[in-house]
Amino acid sequence: MPAIRTQMHSMKVAINECKIITSTATAIVEEEMQDLADCKMYYPLSENERNAFKTCDGKRVTPHRWAVYDFTRTIPCGRVTTYKDICVALGRGSPRSVGSALRNNPFAPFVPCHRIIASNLYIGGFFGEWGTGANARGGQKNTGLQCNRKMDMLAKEGVEFSADGYLADEALLWAGRC
């Protein structure tokens with residue numbers, strides 16, 4: 001799955017397949033999407049590698065979480081899907097189990113968990129926080145900053161949200177299937 005690496009803070013202009021075109025005050029820059037291998041990110045693919053893999057916390061990844069991560073890697077840049085649609089595509093789990101898997105994603109941003117939103121097309125959660133600003137939930141630690149970060153990441157990919165956190169263009173909703 002491609003990942004985006006940016007060296008400059010800039011404003012998005014357009015996305016064209018595997019290139020992101022951004023503009024700054026002085027120049028237009030084309031950034032090639034980077035493949036997982038190019039980024040030197042280890043992502044176990046074989047059953048043996050997955051059985052041996054442990055997260056930084058020393059925990060094993062469950063088969064359900066591997067399925068969520070594998071599916072999430074297929075979501076194209078500039079598109080989003082929902083927690084529920086992942087459950088439907090996998091044929092198991094619940095939106096909460098998908099959210100839990102993504103909250104504990106040891107492969108971010110190469111497993112692009114930022115591309116998952118709520119079924120009502122709300123920005124949803126990110127790093128355990130849910131919502132932005134006055135709509136933020138998740139306990140006292142929740143400032144809404146993580147979801148704002150998620151919206152910024154998606155904006156760089158061409159996915160915009162309304163001021164109250166809802167997907168602006170439903171045509172960007174991707175419903176891929178396993």
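- The aromatic ring centres of F107 and W66 sit less than 6.0 Å apart.
- Side chain of S97 to main chain of G93: no donor-acceptor pair is present (N/O by atom type, distance under 3.5 Å, no hydrogens or angles).
- In terms of the side chain to side chain donor-acceptor pair (under 3.5 Å) criterion, T81 has no residue partners (sequence neighbours excluded).
- You'll find the side chain of L45 reaches within 4.5 Å of the side chain of R50, heavy atoms only.
- Under a 3.5 Å cut-off, the side chain of K150 and the backbone N or O of C113 do not form any donor-acceptor pair.
- One finds a salt bridge joining E157 and R115 here, because a Lys/Arg side-chain nitrogen approaches an Asp/Glu carboxylate oxygen to under 4.0 Å.
- The closest side-chain heavy-atom distance from H64 to R92 is below 4.5 Å.
- Every residue meeting the side-chain contact (heavy atoms from CB on, under 4.5 Å) condition with N48, not counting sequence neighbours, appears here in chain and number order: S46.
- The CD1 atom of I117 sits 6.0 Å away from the CG atom of L173 when rounded to the nearest 0.5 Å.
- Side-chain contact between S119 and P95: absent, with no pair of heavy atoms (C-beta onward) separated by less than 4.5 Å.
- Look at R65 and D70 and you find no salt bridge, because none of the NZ, NE, NH1 or NH2 atoms lies under 4.0 Å from a carboxylate O.
- With a 6.0 Å cutoff to the six-membered ring centre and a 45° limit on the axis angle, R149 does not count as a cation-pi contact of F126.
- With ring centers used as reference points, F53 lies 6.0 Å or more from Y43.
- Considering only heavy atoms from C-beta on, F110 stays 4.5 Å or farther from T72 through its side chain.
- Residues E170 and L121 have side chains in contact (heavy-atom distance under 4.5 Å, counting atoms from C-beta outward).
- Considering V159, L154, T82, I123 in turn, V159 is the only one that fulfils the side chain to side chain contact (heavy atoms under 4.5 Å, CB included) rule with L167.
- Within the 4.5 Å cutoff, the side chain of I75 has no heavy atoms near those of the V80 side chain.
- Between T55 and N104, every side-chain heavy-atom pair lies at or beyond the 4.5 Å cut-off.
- Nearest heavy-atom pair across L172 and G78 is CD2-O, 3.5 Å.
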